[in-house]
S.K.: 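Supplied in structure tokens, the structure appears directly below.
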Amino acid sequence: MFGMTTRSRGREQQQSSRSKSARTKLDGSGERLPSEGCGKRKKAKLDGISRRVSSERSSKKRKSSQDRDMLEKRPKKRNRGEDEEDGSCSSAVSSPLREPYMPDGTEISKPIDSAISDKYRDMQEEYYAKIARQMKMPMLCELTPPNFLVNDPTLLHIRESSKKIVLRAAQFIVGLSSSFDGEPLAWCSGFWIDLDSEKRTGTVVTTAHLIRTKRPSPDAWLCKDEYASDVKVTVHLRGGAVAKGRLLYHQKHYNLAFFRVKMHQSIQLPHFIDKVECAQDIFELGRDESVKLVIHHGRVKYSNPDVYERNHHMRIEGPRRDREYDNGGPVIDLDGKVVGMIDSCPEGSFIPSSILLKCFHLWRNFGRIRRPHLGLKFSAISLLNPVQVEDILIEHKINEGLIVHEVSAGSPAERCGIRVGDVIECFDGKCVSTVVELDNMLLSIVVNSGDGLNSDLDVEIQVYFPRRYLRRIKILTVKVSEDGEFVARASRMVT
């Protein structure tokens with residue numbers, strides 16, 4: 001019994017010495033730990049690590065002021081939230097916004113440590129910088145350009161439905177900027193009109209004002225505008241992407257330009273309608289220099305083109321404003337269909353889709369847009385003041401037709417005896433009541449002939465001569481050209 005007890009005590013002493021050795025190894029400082037539970041041993045281990053970290057911090061604090069200055073000049077490491085807001089770390093969660101404050105509150109009764117003051121200023125700068133980044137987000141940015149859809153109280157009854165229509169139309173609207181010899185030239189809007197899926201290219205139509213270098217006269221009929229085909233054109237797409245635009249063709253009379261663009265994203269083509277009526281509601285759309293959507297509301301006006309405008313223009317009833325950005329953009333109806341393209345005019349005018357589509361058909365199939373030149377300016381009787389219409393009806397028994405306002409000096413029309421005030425009633429046997437109808441007829445001749453026309457063309461017109469109260473059929477031999485139609489002002493030298 002006694003021998004067995006001695007051996008047991010020996011084994012217990014041996015195990016005790018081993019456990020003490022193991023506990024000694026766990027102690028980072030080399031000191032013996034009291035024989036306690038496992039939880040306290042872990043705590044002791046952490047205490048040892050804390051002592052090491054504290055020692056390291058103390059050594060850092062003892063560095064020279066020169067070393068601290070060098071560390072302060074290093075760029076500050078941005079947190080994950082800041083990276084996420086800048087888009088460089090899309091998977092990170094944004095850190096919450098916290099306004100900095102001094103530890104003792106606003107009332108400071110004792111001198112403030114300069115290090116705390118410096119830190120407070122740094123935190124303030126970070127705080128306001130983060131606010132500025134947040135306000136650039138489209139969800140928070142309120143610096144949007146005003147538009148009639150929001151600011152016009154008369155549109156309350158159609159605001160919700162029109163908002164959806166405008167947002168759908170925005171998918172095919174782009175901005176275009178041009179430069180010539182390194183200098184900015186113009187900013188216009190435009191829209192997609194065709195695409196080639198195989199070549200991954202699209203065609204944008206806009207106004208030729210984008211490549212116009214000089215405008216010596218506001219009268220388009222004098223054909224004094226100058227254009228450059230080698231200008232640099234940038235197409236600004238939705239979302240901020242840009243692409244190079246290559247000029248394919250421009251037409252001076254209709255003021256159109258077509259550009260080919262390499263597609264970097266899917267595009268949406270518009271739906272066109274070639275019928276537009278006076279007094280119908282329309283929206284003028286475009287994009288400004290920030291590529292933000294420009295929206296204006298108007299109605300098709302009961303009005304003839306201005307004396308300086310081409311015959312094919314239709315006027316817009318609305319407030320006088322600057323149409324710098326939406327020039328070349330689409331005009332849509334309340335169904336979202338394109339009824340025309342905006343052409344530069346302070347009062348507002350547009351090229352109707354019936355003309356635009358015929359021009360596009362001619363260019364795509366024949367590589368050019370030609371039309372017969374009559375050398376005449378017109379106004380429609382149906383769009384005159386009703387009082388004036390009644391006077392014409394009473395005296396001449398007519399209420400439709402195109403009144404001649406100017407005859408080009410030396411033109412075939414002048415040689416045929418057509419004078420200012422005469423009325424064109426029919427063209428190639430068809431009655432004509434508006435200048436847009438006449439221009440559609442002129443283009444249809446070229447479209448139906450397959451563009452196989454010579455430089456001259458015979459057209460038949462029925463003319464009412466109010467000075468003699470009679471009608472006559474006249475045959476005009478007119479020039480067919482893709483240049484702008486020139487109407488020379490008649491003049492006579494005093495002798």
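Everything numeric here is computed off the predicted structure, so don't read it as measured data.
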S.K.: Calculate, to the nearest 0.5 Å, the distance between atoms CG and CD belonging to Leu269 and Gln171 respectively.
M.R.: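 Spacing of CG (Leu269) from CD (Gln171) equals 11.0 Å.
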S.K.: Hey, is NE2 on His361 packed in by over 12 heavy atoms from elsewhere, all under 6.0 Å?
M.R.: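 For His361, atom NE2 is crowded (more than 12 foreign heavy atoms under 6.0 Å).
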S.K.: Please examine the side chains of Phe172 and Pro330, heavy atoms only from C-beta on, and report whether any two atoms are closer than 4.5 Å.
M.R.: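 Contact flag for Pro330/Phe172 side chains = yes.
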S.K.: Sorted by first residue and then second, give each ring-ring contact (aromatic ring centres under 6.0 Å, His included) pair with at least one member in residues 226-246; sequence neighbours left out.
M.R.: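 Checked against ring-ring contact (aromatic ring centres under 6.0 Å, His included) - neighbours excluded - the pairs reaching residues 226-246 are Trp187-His236, Tyr227-His250.
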S.K.: Looking only at heavy atoms, which two atoms of Ala257 and Ala208 are closest? And how far apart?
M.R.: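 Distance-wise, the nearest heavy atoms are CB-CA, 4.1 Å.
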S.K.: Taking the side chain as C-beta and beyond, is there a heavy-atom pair between Ile418 and Ile461 under 4.5 Å?
M.R.: yes
S.K.: Do the side chain of Ser189 and the main chain of Gly175 share a donor and acceptor less than 3.5 angstrom apart?
M.R.: no
S.K.: Run the ring-ring contact (aromatic ring centres under 6.0 Å, His included) check on His313 and Phe350 step by step: do they pass?
M.R.: CA-CA 6 Å; His313 283 93; Phe350 66 96; 9.0 Å; no
S.K.: Can you confirm whether the side chains of Tyr302 and Arg315 place a donor and an acceptor under 3.5 Å from each other?
M.R.: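 Tyr302 vs Arg315: no donor-acceptor pair found between side chains.
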S.K.: Would you check if the side chain of Asp288 reaches a backbone N or O of Val291 as a donor-acceptor pair within less than 3.5 Å?
M.R.: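 Checking the backbone N and O of Val291 against the side chain of Asp288, a donor-acceptor pair under 3.5 Å is found.
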S.K.: What heavy-atom pair brings Ile351 and Leu356 nearest, and what distance separates the two atoms?
M.R.: CG2-N, 4.5 Å
S.K.: Can a donor-acceptor pair be found, under 3.5 Å and without considering hydrogens, that links the side chain of Arg419 to the backbone of Val404?
M.R.: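 Side chain of Arg419 to backbone of Val404: no pair is present.
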S.K.: Under 3.5 Å, is there a donor-acceptor pair linking the side chains of Asp343 and Asn255?
M.R.: yes
S.K.: Under the side chain to side chain donor-acceptor pair (under 3.5 Å) rule, what pairs show up with a residue in residues 374-388, not counting sequence neighbours?
M.R.: Lys377-Glu406, Ser379-His405
S.K.: Testing the basics here: between Gly417 and Phe465, what is the closest heavy-atom pair and its distance to 0.1 Å?
M.R.: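 Here Gly417 and Phe465 meet closest at O-CE2, 3.8 Å.
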S.K.: Would a distance-only check, ignoring hydrogens and angles, find a side-chain to backbone donor-acceptor pair under 3.5 Å from His209 to Leu256?
M.R.: no
S.K.: Walk me through it: do Arg310 and His253 pass the test side-chain contact (heavy atoms from CB on, under 4.5 Å)?
M.R.: CA-CA 8 Å; Arg310 299 293 191 183; His253 183 85; 3.5 Å; yes
S.K.: Ignoring hydrogens and geometry, is there a side-chain-to-backbone donor-acceptor pair from Arg168 to Gly336 under 3.5 Å?
M.R.: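 No, because the side chain of Arg168 does not come within donor-acceptor range (under 3.5 Å) of the backbone of Gly336.
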S.K.: So, taking the atom named CG in Asp439 and the one named OG in Ser444, what distance separates them when rounded to the nearest 0.5 Å?
M.R.: 10.0 Å
S.K.: Suppose we screen for side chain to side chain donor-acceptor pair (under 3.5 Å). Which residues come up paired with Arg415, at least two apart in sequence or across chains?
M.R.: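 Arg415: no side chain to side chain donor-acceptor pair (under 3.5 Å) contacts found.
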S.K.: Carefully, step by step, assess Glu482 and Ile369 under the rule side-chain contact (heavy atoms from CB on, under 4.5 Å).
M.R.: CA-CA 5 Å; Glu482 60 181 330; Ile369 302 171; 5.6 Å; no
S.K.: Would you please name every residue forming a side chain to side chain contact (heavy atoms under 4.5 Å, CB included) with Arg471, sequence neighbours left out?
M.R.: Ile398, Glu425, Gln462, Tyr464
S.K.: Does any N or O in the side chain of Glu125 come within less than 3.5 Å of the main-chain N or O of Asp122, such that one atom is a donor and the other an acceptor?
M.R.: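 No.
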S.K.: Going by side chain to side chain donor-acceptor pair (under 3.5 Å), name the residues that satisfy it together with Asn440, two or more places apart in sequence or in a different chain.
M.R.: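 Ser354, Lys358.
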S.K.: Among residues at least two apart in sequence or on other chains, which ones pass salt bridge (Lys or Arg N to Asp or Glu O under 4.0 Å) with Arg260?
M.R.: none
S.K.: Is the closest side-chain heavy-atom distance between Leu457 and Val446 below 4.5 Å?
M.R.: no
S.K.: So, taking the atom named SG in Cys278 and the one named CE in Met314, what distance separates them when rounded to the nearest 0.5 Å?
M.R.: 5.0 Å
S.K.: For the residue pair His312 and Pro352, what are the closest heavy atoms and their distance?
M.R.: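 Closest approach of His312 to Pro352: O-CD, 3.2 Å.
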S.K.: Side chain to side chain donor-acceptor pair (under 3.5 Å) with Asp181: which residues, sequence neighbours excluded?
M.R.: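 Counting only residues at least two positions away or on another chain, Asp181 forms no side chain to side chain donor-acceptor pair (under 3.5 Å).
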S.K.: With sequence neighbours left out, what residues match Glu284 under side chain to side chain donor-acceptor pair (under 3.5 Å)?
M.R.: Arg321, Arg323
S.K.: Going by distance alone, is a donor N or O of one side chain under 3.5 Å from an acceptor N or O of the other, for Asp274 and Ser353?
M.R.: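 No, Ser353 and Asp274 have no side-chain donor paired with an acceptor closer than 3.5 Å.
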S.K.: How would you list, by chain and number, every residue that makes a salt bridge (Lys or Arg N to Asp or Glu O under 4.0 Å) with Asp422, sequence neighbours excluded?
M.R.: Arg467
S.K.: Using every non-hydrogen atom in the two residues, find where Ser481 and Asp483 come nearest and quote the distance to one decimal.
M.R.: OG-N, 3.0 Å
S.K.: Taking the side chain as every heavy atom from C-beta outward, state whether Asp458 and Leu476 have any atom pair closer than 4.5 Å.
M.R.: no
S.K.: One thing to verify: whether Glu485 and Arg371 come together as a salt bridge, which I'm taking to mean a side-chain N less than 4.0 angstrom from a carboxylate O.
M.R.: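 The answer is yes: the pair qualifies as a salt bridge.
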S.K.: Taking atom types as modelled and ignoring hydrogens, do the side chains of Glu183 and Ser179 form a donor-acceptor contact shorter than 3.5 angstrom?
M.R.: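 Looking only at side-chain atoms, Ser179 and Glu183 do not form any donor-acceptor pair under 3.5 Å.
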S.K.: Between the main-chain N or O of Lys224 and the side-chain N or O of Ser217, is there a donor-acceptor pair closer than 3.5 Å?
M.R.: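 Answer holds: no.
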S.K.: Tell me, do Ser408 and Leu376 make a side-chain contact under 4.5 Å, heavy atoms counted?
M.R.: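 With C-beta onward as the side chain, the pair stays apart.
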S.K.: Do you see a donor-acceptor pair shorter than 3.5 Å between the side chains of Ser349 and Glu309?
M.R.: yes
S.K.: Checking side-chain contact (heavy atoms from CB on, under 4.5 Å) for the pair Thr434/Asn304: CA distance, chi angles, key distance, verdict?
M.R.: CA-CA 9 Å; Thr434 67; Asn304 286 292; over 6 Å; no
S.K.: Would you check if the side chain of Glu414 reaches a backbone N or O of Gly410 as a donor-acceptor pair within less than 3.5 Å?
M.R.: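 Checked: pair present.
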S.K.: Are the side chains of Trp192 and Thr203 in touch, meaning some heavy atoms are under 4.5 Å apart?
M.R.: no
S.K.: Classify the ring geometry of Phe258 against Tyr249: parallel below 30°, tilted from 30° to 60°, perpendicular beyond 60°.
M.R.: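 Taking Tyr249 first and then Phe258, their aromatic rings lie parallel (interplane angle under 30°).
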S.K.: For a quick test of reading the model, state the closest non-hydrogen atom pair linking Ser303 to Leu383 and the distance between them.
M.R.: O-CD1, 3.4 Å
S.K.: Say whether Gln124 and Tyr120, considering side chains only, have a donor N or O and an acceptor N or O under 3.5 Å apart.
M.R.: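 A donor-acceptor contact under 3.5 Å links the two side chains.
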S.K.: Go through the structure and list residues passing salt bridge (Lys or Arg N to Asp or Glu O under 4.0 Å) with Asp451, not counting sequence neighbours.
M.R.: Arg368, Arg370
S.K.: For side-chain contact (heavy atoms from CB on, under 4.5 Å), just list the numbers for Leu176 and Thr234, CA-CA rounded to whole Å, side-chain angles, deciding distance to a tenth of an Å, and then say yes or no.
M.R.: CA-CA 6 Å; Leu176 299 102; Thr234 303; over 6 Å; no
S.K.: So for atom OH, which belongs to Tyr127, do other residues, nucleotides or ligands contribute more than 12 heavy atoms lying within a distance under 6.0 Å?
M.R.: yes
S.K.: Heavy atoms, side chains only, cut-off 4.5 Å: are Val205 and Phe191 in contact?
M.R.: yes
S.K.: Restricting to salt bridge (Lys or Arg N to Asp or Glu O under 4.0 Å), what partner residues turn up for Arg489, sequence neighbours left out?
M.R.: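 So Arg489 forms a salt bridge (Lys or Arg N to Asp or Glu O under 4.0 Å) with Asp219.
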S.K.: Taking the side chain as every heavy atom from C-beta outward, state whether Lys301 and Ile316 have any pair of such atoms under 4.5 Å apart.
M.R.: no
S.K.: Without swapping roles, check the side chain of Gln251 against the backbone of Tyr254 for a donor-acceptor pair under 3.5 Å.
M.R.: yes
S.K.: Glu198: which residues meet the side chain to side chain contact (heavy atoms under 4.5 Å, CB included) condition with it, sequence neighbours left out?
M.R.: Asp196
